[in-house]
Undergrad: 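Starting off with a structure, shown below.
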Amino acid sequence: MKHLLSMADAKDEVFEILSIAEDLKSGKIGGKPLEDKYLGMIFEKSSTRTRVSFEVGINQLGGTGLYLSSKDLQLNRGEPISDTARVLSRFLDCIMLRSKSHETAQQLAKYSSVPVISGLTDKEHPCQAFADLLTIKEYKGSFDDLKLVFVGDGNNVCNSLLLACAYVGMDMTVACPEGYEPDKQIYELAVKEAKETDSTITVEHDLDKAVEGADILYTDVWVSMGDEDELEERQCVFKQYQINQELLDKANKDAIVMHCLPAIRGQEITDDVMTSDASAIWDEAENRLHAQKAILYKILVE
Ligand code: CP
Ligand code: NVA
């Protein structure tokens with residue numbers, strides 16, 4: 001794996017990265033393995049978790065992180081992403097990019113001679129999926145015989161989770177309104193990969209049916225960054241796609257609740273569920289740090 005733009009880029013390294021994350025979290029891997037390494041972090045969109053966890057993570061590993069708002073870079077004045085990639089590659093050892101369009105991330109990777117990690121695009125969020133897998137493993141012990149139900153929009157977070165589940169052999173059902181299914185190409189790839197790991201990937205528009213036998217209920221905002229123009233329409237279409245106590249009661253007895261955050265209480269999730277004993281959300285957020293350190297370690301040390 002040179003770049004990590006899609007979960008598919010890490011197909012053969014998923015378990016290894018998870019194991020590194022566990023070792024970093026437990027302290028089994030210590031020291032400053034990224035001493036003298038510089039990570040540039042370009043943000044075209046807002047971020048709390050991705051920004052802070054990457055910055056803290058690279059520092060804990062002995063390296064240096066540089067926050068680069070796209071508004072302050074010459075990108076904002078029209079410098080091509082290809083030139084930006086060529087030049088930043090001369091200064092940095094790795095570039096993390098949160099971009100409005102997946103194509104921008106692909107262009108950056110194409111012209112960069114150093115590894116590029118996606119910190120979210122409109123299409124995928126692989127770093128989030130790694131933190132999610134780590135969290136599920138911690139709560140459930142393994143990925144065997146588990147069913148994850150993603151409730152809501154078939155968005156970037158959902159797309160990466162589809163591939164993540166397929167690679168580790170976990171069943172996943174996307175419960176979404178018609179017209180809001182995940183990316184067709186990613187879905188088809190996940191269905192194909194799931195066959196290799198004896199798991200199933202499905203889309204179900206009937207929420208009650210979807211939630212039957214669920215071990216993990218996962219949701220994300222109805223309106224992602226970049227979809228703000230569709231706010232009113234989405235608030236209508238997604239109304240019933242909410243993780244609340246009533247829905248949780250229909251899942252398996254020991255089901256956990258996950259959310260990548262930020263959350264909008266009263267829309268895709270209720271406050272009581274977020275703060276209930278079933279919520280794995282805060283550990284999931286912390287695991288962004290451990291998962292990303294593992295990704296950096298895998299890419300820059302190994
Ligand atoms: N989940 C996530 O990526 O959060 P931020 O947008 O705060 O980085
Ligand atoms: N789907 C959300 C995820 C935020 C971390 C978005 O793209 O805005």
Side-chain angles (χ1 to χ4, degrees), residues 4-7 21 39-58 65 67-70 95-105 117-136 148 150-164 174-177 180-183 186-187 216 218-231 234-235 237-238 241-243 257-265 267-269 274 279-296:
L4 177 63
L5 304 186
S6 163
M7 211 46 211
L39 170 73
M41 305 179 296
I42 305 175
F43 284 88
E44 287 185 349
K45 288 175 169 179
S46 308
S47 170
T48 296
R49 280 142 288 268
T50 306
R51 177 181 174 179
V52 177
S53 55
F54 260 111
E55 196 159 333
V56 170
I58 184 88
Y67 171 75
L68 306 165
S69 164
S70 65
I95 304 170
M96 195 286 302
L97 169 71
R98 168 165 286 197
S99 69
K100 292 180 183 159
S101 105
H102 197 71
E103 286 68 38
T104 304
I117 301 171
S118 165
L120 178 147
T121 68
D122 54 338
K123 195 169 177 185
E124 278 206 56
H125 198 358
C127 292
Q128 181 68 51
F130 270 107
D132 297 340
L133 289 180
L134 182 62
T135 309
I136 293 166
L148 183 150
F150 186 96
V151 178
D153 187 18
N155 61 16
N156 44 9
V157 170
C158 177
N159 288 332
S160 288
L161 267 178
L162 280 172
L163 292 172
V174 180
C176 63
Y180 294 88
E181 292 82 7
D183 179 271
I186 293 181
Y187 175 72
I216 299 130
Y218 196 117
T219 193
D220 184 14
V221 287
W222 295 341
V223 184
S224 284
M225 292 179 278
D227 291 336
E228 290 84 359
D229 289 355
E230 301 168 19
L231 181 86
R234 281 173 175 264
Q235 282 179 345
V237 174
F238 284 99
Y241 290 85
Q242 181 188 69
I243 300 187
V257 173
M258 298 180 72
H259 192 310
C260 59
L261 301 176
I264 303 194
R265 288 165 165 84
Q267 291 198 9
E268 77 278 2
I269 194 163
M274 274 189 87
S279 172
I281 292 170
W282 317 112
D283 291 320
E284 179 186 5
E286 179 191 326
N287 280 337
R288 292 294 306 278
L289 173 69
H290 310 297
Q292 276 150 210
K293 283 168 75 178
I295 292 165
L296 290 169

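For ligands, and for the atoms within them, numbers begin at 1 and follow the listed sequence.
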Undergrad: Ignoring hydrogens, what is the shortest heavy-atom contact between S160 and H125? Give both atom names and the distance.
TA: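 Closest approach of S160 to H125, heavy atoms only: OG-N, 2.8 Å.
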Undergrad: For ligand 2, list every N/O pair with the protein closer than 3.5 Å, one pair per line with the distance.
TA:
residue	atom	partner	partner atom	Å
ligand 2	1 (N)	N155	ND2	3.3
ligand 2	1 (N)	N156	OD1	2.9
ligand 2	1 (N)	D220	OD2	2.6
ligand 2	1 (N)	S224	OG	2.7
ligand 2	7 (O)	N156	ND2	2.8
ligand 2	8 (O)	M225	N	2.8

Undergrad: Determine whether any heavy atom of K45 lies closer than 4.0 Å to an atom of ligand 1.
TA: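 Judged by the 4.0 Å heavy-atom criterion, K45 does not count as contacting ligand 1.
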Undergrad: Heavy atoms only: give me the nearest N156-T121 pair and the separation to one decimal.
TA: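 Closest heavy-atom pair between N156 and T121: ND2-O, 3.0 Å.
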Undergrad: Are any of the side-chain heavy atoms of E124 and L5 separated by less than 4.5 Å?
TA: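 When only atoms from C-beta onward are counted, L5 and E124 do not touch, as no gap falls below 4.5 Å.
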Undergrad: Of the non-hydrogen atoms in I269 and A263, which two are nearest, and what is the gap between them?
TA: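 Smallest interatomic distance, heavy atoms only, reads CG2-CB, 4.1 Å.
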Undergrad: For the rings on F238 and Y180, is their centre-to-centre separation under 6.0 Å?
TA: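 Yes, the ring of F238 comes within the 6.0 Å limit of the ring of Y180, centre to centre.
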Undergrad: Sort out for me which residue in R288, Q292, M7 forms a side-chain contact (heavy atoms from CB on, under 4.5 Å) with F130.
TA: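 So the option named by the test is M7.
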Undergrad: Tell me which protein heavy atom sits closest to atom 2 (C) of ligand 1, plus the residue, atom name and distance to 0.1 Å.
TA: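 Answer for atom 2 (C) of ligand 1: R288 NH1, 3.2 Å.
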Undergrad: Please compare R98, E284, R49 and report which has the shortest non-hydrogen distance to atom 6 (O) of ligand 1.
TA: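 The nearest heavy atom belongs to R98.
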Undergrad: Would P262 count as being in polar contact with ligand 1, using the rule that some N or O on each side must be under 3.5 angstrom apart?
TA: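 No: no nitrogen or oxygen of P262 is under 3.5 Å from one in ligand 1.
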Undergrad: Identify the two heavy atoms, one from L134 and one from A291, that lie closest to each other, and give their separation to 0.1 Å.
TA: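 Shortest heavy-atom separation between L134 and A291 comes out as CD2-N, 4.3 Å.
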Undergrad: Is there a donor-acceptor contact under 3.5 Å from the side chain of N155 to the main chain of C158?
TA: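 Checked: pair present.
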Undergrad: At less than 4.0 angstrom from any non-hydrogen atom of H125, what atoms of ligand 1 do you find?
TA: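 Here the atoms of ligand 1 in question are 2 (C), 3 (O).
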Undergrad: Could you check whether D227 pairs with R234 (Lys NZ or Arg NE/NH1/NH2 to Asp/Glu carboxylate O, under 4.0 Å)?
TA: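 Between R234 and D227 there is a salt bridge, with a charged N closer than 4.0 Å to a carboxylate O.
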Undergrad: Less than 4.5 Å apart, any side-chain heavy atom of L148 and any of Y218?
TA: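 When only atoms from C-beta onward are counted, Y218 and L148 do touch, with a gap below 4.5 Å.
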Undergrad: Taking distance alone, with N or O pairs closer than 3.5 Å, would you say T50 contacts ligand 1?
TA: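 Yes - when backbone and side-chain N and O of T50 are compared with those of ligand 1, one distance drops under 3.5 Å.
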Undergrad: Within a distance under 4.0 Å of any heavy atom of T48, pick out the atoms of ligand 1 and give their elements.
TA: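 Matching atoms, with element in brackets: 5 (P), 7 (O), 8 (O).
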Undergrad: Measure the distances from the heavy atoms of L120 to every atom of ligand 1 and state whether one is below 4.0 angstrom.
TA: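 It does not; every heavy atom stays at 4.0 Å or beyond.
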